[in-house]
Amino acid sequence: MQLVTRCALALTNLSMQLVTRCALALTNLSMPAITRCVLALWLLFGLGVQASAQAIPGITRPVVVGGDRDYPPYEFLDGSGQPAGFNVDLSRAIGEVMGLRVEFRLGSWAEMRQALLDGEVDILEGMSFSEERAAGEVDFAPPSAVVNHAIFARKGERVVRNLDDLAGSKVIVHRRGYMHDLLAGKGFEQDLLLVDTPADGLRLLASGQGDFAVVAMLPGNYIIKDNKLDNLAVVARSVATLRYGFAVKKGNEALLARFSEGLAILRGTGQYEALYNKWLGVLEDRPLPWTTVARYAAAVAVPLLALLGGTVLWSRSLRRQVAQRTASLTRALDELSRNQRQLVQADKMAALGILVSGVAHEINNPNGLILLNIPILRKAQADCARILERRFEAEGDFLLGGIPYSRMRHELPRLLEEMQEGALRIKRIVNDLKDFARREEGSGRALIDVADASRKAVRLLDAAIRKATDHFCADYDPDLPLVWGHSQRIEQVIVNLVLNACQALPDRSKAVTVTVGHNEAAGQVVLTVRDEGSGIAPEHLPHVTDPFFTTKRETGGTGLGLSVSAGILKEYGAVLSFTSAPGQGTTAVVVFPVAREEGTP
């Protein structure tokens with residue numbers, strides 16, 4: 001019958017003379033073939049006059065392909081009003097491989113569904129499959145995708161687990177969509193709020209109307225992101241999983257067969273997969289294949305096992321060597337071990353610096369957009385305020401973003417101001433991080449302001465300080481003289497001192513104080529970091545700057561912070577000292593000589 005259908009379609013375009021020649025050629029065919037062609041000719045002459053008077057989709061006129069105007073990423077009208085999306089590109093590709101001309105007509109889903117039944121549209125490029133639809137008004141091609149539906153709600157709304165939990169709630173659904181049919185069948189018709197497109201439904205939900213919206217997962221997330229509906233979230237995933245693809249009016253088997261054949265060709269050539277990955281692949285949360293997981297696990301496990309094996313072998317070898325050596329070599333081995341750990345720690349710090357610099361750069365990019373857009377938003381808000389005030393005076397209070405306007409009129413300017421202040425603070429912290437993490441160009445010295453270095457260090461430690469104490473104070477004398485040093489390395493010293501002070505506090509009620517002053521008589525700039533912590537035991541105080549000496553080994557302390565800090569300060573002629581008593585806190589004092597003349601500390 002497929003041969004008969006194709007022959008009938010082809011013969012409608014032939015003249016009577018060509019049909020006569022085809023009949024004469026039948027004498028050379030075998031009996032079964034003659035029988036089939038006679039049947040085709042009978043269909044042609046019995047129905048051909050009527051068929052030739054009608055336009056044949058894809059041959060004498062384009063195939064009219066219907067779809068939803070606002071159902072991204074499957075089908076939608078783009079910014080210039082042109083059809084776009086996965087379904088649109090798939091229909092075009094099928095038209096190309098099958099030699100069909102296609103014409104798109106996108107509108108509301110209810111209009112397009114009715115247009116198919118009225119014969120104004122030949123085929124719908126995206127329709128969810130159901131047994132009721134297949135048994136009633138349409139025929140389906142093999143599915144081109146699988147659509148998962150989800151329940152969306154405003155953030156803070158009560159939690160639901162499935163469609164049955166929606167009973168008694170106002171639910172927004174796509175008019176004449178699958179969920180409209182399904183929920184109406186469950187007896188929810190009186191509680192449904194019908195909209196023309198999913199985007200209309202989600203915008204209605206975001207404005208405070210309705211309790212929930214049931215929308216396909218991918219279009220829902222796409223619309224929320226594109227329209228910046230930040231007060232909406234998914235509360236129940238995959239409440240229905242449906243086959244989705246082309247559908248024609250019941251009985252239009254010829255057109256359905258051509259689109260099904262075209263879809264099969266695209267799958268075989270790889271074009272379908274390319275279109276799928278372009279529109280849908282990047283949006284889906286698909287689990288990694290087990291082969292990929294195994295490959296990544298092997299890539300991590302093999303070097304770790306090799307490192308572990310090498311470490312074990314090295315450790316055994318070292319123990320044998322130590323056992324064989326005399327007591328006279330013990331100090332040399334200890335020194336070697338110390339140097340090795342210092343190199344490892346230095347390498348870790350260098351890697352951490354690179355990481356911090358990269359993260360700071362990535363934060364700076366979106367923060368720049370925020371700083372660029374907020375002034376525009378503030379101007380727009382000021383312009384809109386006049387219009388909203390007139391409406392408020394004329395109509396009374398109304399909702400704006402789900403909040404009464406009488407409250408929002410005062411809150412919105414404050415929110416924008418806080419956003420700008422927060423973005424500026426992020427920018428300052430990021431710049432300080434980038435400066436702190438930047439590689440040192442040698443260990444040269446330059447004139448620096450100790451107060452400025454202290455301010456940067458405190459900004460970097462803002463989160464740690466706020467977590468450790470409610471009583472932090474920083475005091476800097478004005479017009480401090482400059483000292484010789486390296487800004488990044490002095491910042492590193494101050495970071496170590498302030499961080500140690502925060503870690504020494506037993507609770508948030510204790511204070512940390514940072515002061516930078518000028519001892520004019522002695523020609524010194526004095527940095528003091530004082531905490532009200534647990535203090536340092538007298539027997540430990542002389543060793544706090546010794547390499548690898550720490551009382552916090554169990555919490556990750558390395559004993560290198562104060563040792564490195566003392567070495568840095570010594571290089572620039574500064575002196576680090578500590579005074580402490582158990583239970584009375586600790587005071588760290590750094591004394592910098594004031595710079596007298598160029599090149600002389």
Criterion side chain to side chain contact (heavy atoms under 4.5 Å, CB included) on M217 and H149, from CA distance to verdict: CA-CA 5 Å; M217 176 74 77; H149 286 72; over 6 Å; no
Full working for side chain to side chain contact (heavy atoms under 4.5 Å, CB included) between I265 and M98: CA-CA 9 Å; I265 293 172; M98 297 302 294; 4.0 Å; yes
D164 to F188 - nearest heavy-atom pair and separation: O-CZ, 4.4 Å
Looking only at side chains, do [X] and [Y] share a donor and an acceptor under 3.5 Å apart?
X	Y	value
W109	D196	no
E75	N87	yes
D200	H174	no
R203	N227	yes
E389	Y405	yes

Please check: side-chain N/O of [X] versus main-chain N/O of [Y], any donor-acceptor pairing under 3.5 Å?
X	Y	value
K155	D230	yes
N367	I363	no
R133	S128	yes

4.5 Å side-chain heavy-atom contact, I374 and I370: yes
Side chains of V195 and R175 in contact at under 4.5 Å (non-hydrogen atoms): no
Test: R69 cationic atom under 6.0 Å from F76 six-membered ring centre, within 45° of axis: no
Verdict with reasoning, E157 to F212, per side chain to side chain contact (heavy atoms under 4.5 Å, CB included): CA-CA 9 Å; E157 188 64 58; F212 301 96; 3.9 Å; yes
Verdict with supporting geometry, N221 and F152, side chain to side chain contact (heavy atoms under 4.5 Å, CB included): CA-CA 10 Å; N221 287 333; F152 292 80; 3.8 Å; yes
